[in-house]
Every structure is written in structure tokens, then in C-alpha cells.
Amino acid sequence: QVRLAESGGRLVQIGGSLRLSCEASVRTFSNYAMAWFRQAPGKERDHVASISVTGADTYYAESVKGRFTISRDNTKNMVFLQMNSLKPEDTADYYCAAGLSRQYPRGPYDYWGQGTQVTVSS
């Protein structure tokens with residue numbers, strides 16, 4: 001089984017930055033495409049970003065393009081989401097997800113973490 005654990009979420013001011021981390025417990029991390037999703041209170045879960053198994057290719061939702069960067073370190077079984085120029089509409093629970101390599105970039109993703117909360121306010 002694949003177990004994912006997110007960390008790094010917190011309260012941050014408008015225009016600030018955060019880096020979220022996700023650690024995967026799996027035998028062959030480099031075989032999985034990885035992604036970040038988010039869900040705001042009362043809204044559906046949205047796909048934020050994806051990264052291919054090697055990290056050579058990335059995908060971003062239009063709402064975060066140019067502000068967020070997804071990356072991975074296959075030597076450490078970790079994926080990251082660097083978030084810059086944060087806006088109130090970025091407030092959400094952020095989830096790390098893993099899927100088969102061929103499911104890049106849109107999914108489906110088979111394994112999910114428990115989430116980490118990001119709140120952006122003035």
C-alpha cells in the first residue's frame with residue numbers, strides 16, 4: 001500500500017509564501033505520478049498540480065499557474081508544493097495524491113493523504 005503524509009500548512013498573510021511537503025511510504029516511489037488537490041469549505045475538491053514520475057513534466061490549474069511550483073525528490077520519496085503570492089481564494093485543505101504513471105496529469109489518483117490546512121488572510 002501507499003501511505004502519504006502532508007505537512008507545512010498554516011495561517012499566512014495575503015501575498016505570502018508557503019511550502020507544503022508530502023512524504024510517501026512506498027517501495028517504488030519513482031513509479032508513481034504525484035499530484036496536489038485542494039478543497040475549500042463548502043466546495044468541491046479541485047486539482048491544483050501534477051508531476052510525472054521523473055519530474056520532467058508538470059501540470060498546473062489555471063488558477064495557480066505562475067504562482068505555484070510542484071517538485072519531487074525521488075531519493076527522499078517526497079513531493080513539494082511551493083506556493084507564492086497567496087490569495088484568500090487559496091484557503092483550503094491541501095491533499096497529496098499518487099497514481100500510476102500513465103494517469104499523469106489529470107488522474108485518476110489512487111492514494112491520498114489526510115490533508116494539511118492553509119488559511120490566507122489579511
Side-chain angles (χ1 to χ4, degrees):
Q1 63 179 19
V2 179
R3 291 179 293 174
L4 305 173
E6 305 95 335
S7 63
R10 64 175 177 88
L11 174 66
V12 63
Q13 290 189 325
I14 296 169
S17 297
L18 280 176
R19 174 174 280 250
L20 305 183
S21 299
C22 173
E23 185 170 8
S25 297
V26 61
R27 289 181 59 189
T28 53
F29 178 70
S30 61
N31 288 353
Y32 291 89
M34 301 296 295
W36 287 95
F37 290 74
R38 68 186 182 186
Q39 186 169 25
K43 297 186 177 181
E44 297 295 319
R45 182 173 291 180
D46 289 333
H47 189 185
V48 175
S50 301
I51 189 165
S52 62
V53 295
T54 66
D57 299 298
T58 56
Y59 162 87
Y60 298 96
E62 193 66 29
S63 59
V64 307
K65 192 173 297 182
R67 299 189 299 120
F68 290 11
T69 302
I70 188 172
S71 61
R72 67 190 295 161
D73 185 343
N74 286 351
T75 70
K76 298 180 179 179
N77 284 15
M78 296 191 73
V79 63
F80 307 95
L81 185 68
Q82 177 67 45
M83 305 185 295
N84 298 327
S85 302
L86 284 162
K87 306 174 180 180
E89 51 263 46
D90 296 319
T91 295
D93 289 336
Y94 283 73
Y95 298 87
C96 179
L100 298 176
S101 62
R102 67 176 179 268
Q103 294 170 336
Y104 173 87
R106 299 302 305 275
Y109 289 87
D110 306 299
Y111 305 98
W112 297 81
Q114 294 300 305
T116 185
Q117 187 176 66
V118 175
T119 302
V120 185
S121 69
S122 59

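Computed from a predicted structure; not experimentally measured. Quick note: numbers below take in every heavy atom, side chains included, and nothing from hydrogens, waters or symmetry partners. We count residues from 1, following the sequence as given.
The shortest side-chain heavy-atom distance between Lys76 and Ser21 does not fall under the 4.5 Å cut-off. Between Leu20 and Met83 the shortest side-chain heavy-atom distance falls below 4.5 Å. Using a 4.5 Å cut-off on side-chain heavy atoms (C-beta onward), Asp110 and Gln103 make contact.
Distance alone, capped at 3.5 Å, places no donor-acceptor pair between the Arg3 side chain and the Ser25 backbone. Between the Gln82 side chain and the Thr69 main chain, no donor and acceptor come within less than 3.5 Å of each other.
A chain of hydrophobic side-chain contacts below 4.5 Å, direct or via other Ile, Leu, Val, Met, Phe, Trp or Tyr residues, connects Val120 to Tyr94. Tyr95 and Val48 end up in different hydrophobic clusters when Ile, Leu, Val, Met, Phe, Trp and Tyr side chains are linked at under 4.5 Å. Using a 4.5 Å cut-off between side-chain heavy atoms of Ile, Leu, Val, Met, Phe, Trp and Tyr, with links allowed through other members, Phe37 and Val79 fall into different hydrophobic clusters. One hydrophobic cluster, built from ILVMFWY side chains closer than 4.5 Å, holds both Val64 and Ile14.
Residues Asn77 and Phe29 come closest through the heavy atom pair OD1-CB, 3.2 Å. Listed here is the closest heavy atom pair of Leu4 and Ala24: CD2-CB, 3.6 Å. Among all heavy-atom pairs drawn from Ala40 and Ala92, the shortest one is N-CB, 3.8 Å. Nearest heavy-atom pair, Met34 versus Ala98, reported as atom, atom and distance to 0.1 Å: SD-CB, 3.5 Å. The two atoms that bring Ala35 and His47 nearest to each other are CB-NE2, 3.8 Å, heavy atoms only. Here the closest heavy-atom approach between residue Ser30 and residue Asn74 is recorded as CB-ND2, 3.6 Å.
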Tell me, with the steps shown, if Ser121 and Leu11 meet side-chain contact (heavy atoms from CB on, under 4.5 Å).
CA-CA 8 Å; Ser121 69; Leu11 174 66; 3.6 Å; yes
Evaluate the side-chain contact (heavy atoms from CB on, under 4.5 Å) criterion for residues Ser71 and Arg19: first the C-alpha distance (whole Å), next the side-chain angles of each, then the deciding distance (0.1 Å), finally the verdict.
CA-CA 11 Å; Ser71 61; Arg19 174 174 280 250; 4.2 Å; yes
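Ring-plane geometry between Tyr32 and Tyr111 is classed as perpendicular, the angle between the planes exceeding 60 degrees on a 0 to 90 degree scale with a lower cut at 30.
Here Phe80 sits in one hydrophobic cluster together with Met78; the rule is ILVMFWY side chains under 4.5 Å apart, joined directly or through other members.
With respect to Ile51, the side-chain contact (heavy atoms from CB on, under 4.5 Å) criterion is satisfied by exactly one of Leu81, Asp57, Thr58: Thr58. Of the listed residues (Tyr60, Trp36, Tyr109, Tyr59), just one forms a side-chain hydrogen bond (donor to acceptor under 3.5 Å, both in side chains) with Ser50, and that residue is Tyr109.
Separation of atoms CZ (Arg67) and OG (Ser17) is listed at 10.0 Å; rounding is to 0.5 Å. Atom CD in Gln117 sits 8.5 Å away from atom OG1 in Thr91 (nearest 0.5 Å). For the atom pair CZ of Arg38 and CG of Asp93, the computed distance is 11.5 Å after rounding to the nearest 0.5 Å.
Residue Glu89 qualifies as enclosed at atom CD: its count of foreign heavy atoms under 6.0 Å is above 12.
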